[in-house]
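Here the structure comes first, spelled out in structure tokens, and everything after it is commentary.
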Amino acid sequence: MRRRAVLTAGAFAAALALTGCSESAADSGSKTAELSVSSPYMPQPVSADMAAGFLTITNKGGAGDELTSVSSDVAGQVTMHSTTGGAMAEESSFRIPAHGRLVFRSGGNHLMFEQLKRAPKQGQTVSVKLTFAKSGPLTVEMPVKPATYNPSTGH
């Protein structure tokens with residue numbers, strides 16, 4: 001009887017050790033970024049060669065990432081800009097913290113679609129490819145809204 005208890009205890013300890021290994025593997029999986037995009041839009045451009053774009057990138061993962069580039073077939077290039085105290089500056093990347101968000105909004109961080117190949121019109125969509133340092137790229141369909149669209153007003 002005592003020998004059986006020792007074997008059972010040994011089997012139990014081995015099971016716990018294996019469980020600990022599988023939990024470690026699961027934990028390491030949560031150390032990645034889990035990116036999603038919401039609220040994308042482009043106000044209908046008022047200029048023939050330039051447009052702005054806005055969206056929110058949410059990271060539900062346990063590791064940060066960086067947005068390193070943006071491209072679109074509607075523009076020769078898409079640049080990323082920060083706005084601080086009314087001053088706009090082009091940025092080469094933006095960090096997306098673990099369990100955080102990166103917001104591109106009017107008056108703040110934003111995308112600039114330069115050298116437009118066609119003028120996007122209200123009701124159309126623009127395809128945008130977001131490229132990240134660690135995660136795979138995301139393609140977003142960005143609806144074109146009225147030039148005066150402001151999501152905070154509920155329009």
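Heavy-atom basis, side chains included; hydrogens, waters and symmetry copies ignored.
- Counting only residues at least two apart or in different chains, ring pair (Phe, Tyr, Trp, His ring centres under 6.0 Å) contacts with residues 46-82 comprise Tyr41-Phe54, His81-His110.
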Before giving the answer on side-chain contact (heavy atoms from CB on, under 4.5 Å), spell out for Thr58 and Thr56 the whole-Å C-alpha distance, their side-chain angles and the decisive distance to 0.1 Å.
CA-CA 6 Å; Thr58 302; Thr56 299; 4.0 Å; yes
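- When side chains are defined from C-beta on, Leu102 counts as touching Leu67, because their heavy atoms get closer than 4.5 Å.
- Separation of atoms NZ (Lys121) and CE (Met42) is listed at 12.5 Å; rounding is to 0.5 Å.
- Of the candidates Val140, Leu130, Leu138, Ile57 forms a side chain to side chain contact (heavy atoms under 4.5 Å, CB included) with just one, namely Leu130.
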Apply side-chain contact (heavy atoms from CB on, under 4.5 Å) to Met80 and Leu111, showing your working.
CA-CA 5 Å; Met80 302 179 289; Leu111 304 175; 3.8 Å; yes
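- Under a 3.5 Å cut-off, the side chain of Asp65 and the backbone N or O of Lys134 do form a donor-acceptor pair.
- Residues His99 and Lys60 have side chains not in contact (no heavy-atom distance under 4.5 Å, counting atoms from C-beta outward).
- Residues Leu116 and Pro45 are in side-chain contact: their nearest non-hydrogen atoms beyond the backbone lie under 4.5 Å apart.
- Counting all heavy atoms, side chain and backbone alike, Pro120 lies closest to Val144 at CB-CG2, 3.7 Å.
- A donor-acceptor pair shorter than 3.5 Å cannot be found between the side chains of Glu90 and Thr79.
- The hydrophobic cluster containing Met112 does not contain Val78, counting ILVMFWY residues as joined when their side-chain heavy atoms lie under 4.5 angstrom apart, directly or transitively.
- Among all heavy-atom pairs drawn from Pro143 and Thr125, the shortest one is CA-CG2, 4.0 Å.
- Taking CG of Asn150 as the reference point, atom NZ of Lys145 lies at 12.5 Å (rounded to 0.5 Å).
- Taking hydrophobic clusters as Ile, Leu, Val, Met, Phe, Trp and Tyr residues chained together by side-chain heavy-atom distances below 4.5 Å, Phe94 does not share a cluster with Val103.
- In this structure, the side chain of Glu66 does not engage the main chain of Arg95 through any donor-acceptor pair within 3.5 Å.
- Side-chain contact between Val74 and Phe113: present, with at least one pair of heavy atoms (C-beta onward) separated by less than 4.5 Å.
- Using modelled atom types, one finds no donor on one side chain facing an acceptor on the other under 3.5 Å when comparing Ser82 with Asn109.
- Closest of all the heavy-atom pairs between Thr83 and Gly108 is OG1-O, 3.1 Å.
- Without hydrogens or angle criteria, Asn59 side chain to Pro97 main chain gives a donor-acceptor distance under 3.5 Å.
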For Ser127 and Thr139, what are the C-alpha separation, side-chain angles and deciding distance, and is it a side-chain contact (heavy atoms from CB on, under 4.5 Å)?
CA-CA 7 Å; Ser127 186; Thr139 299; 3.5 Å; yes
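- Applying the 6.0 Å contact sphere to NZ of Lys129 captures no more than 12 heavy atoms from other residues, nucleotides or ligands.
- Within the model, atoms OG of Ser135 and CD1 of Ile96 stand 7.5 Å from one another, a figure rounded to the nearest 0.5 Å.
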side-chain contact (heavy atoms from CB on, under 4.5 Å) between Gln124 and Arg118, intermediate numbers included:
CA-CA 12 Å; Gln124 296 177 336; Arg118 64 177 171 83; 3.5 Å; yes
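- Of the possible donor and acceptor atoms, none in the side chain of Ser72 sits under 3.5 Å from a partner among the backbone N and O of Val128.
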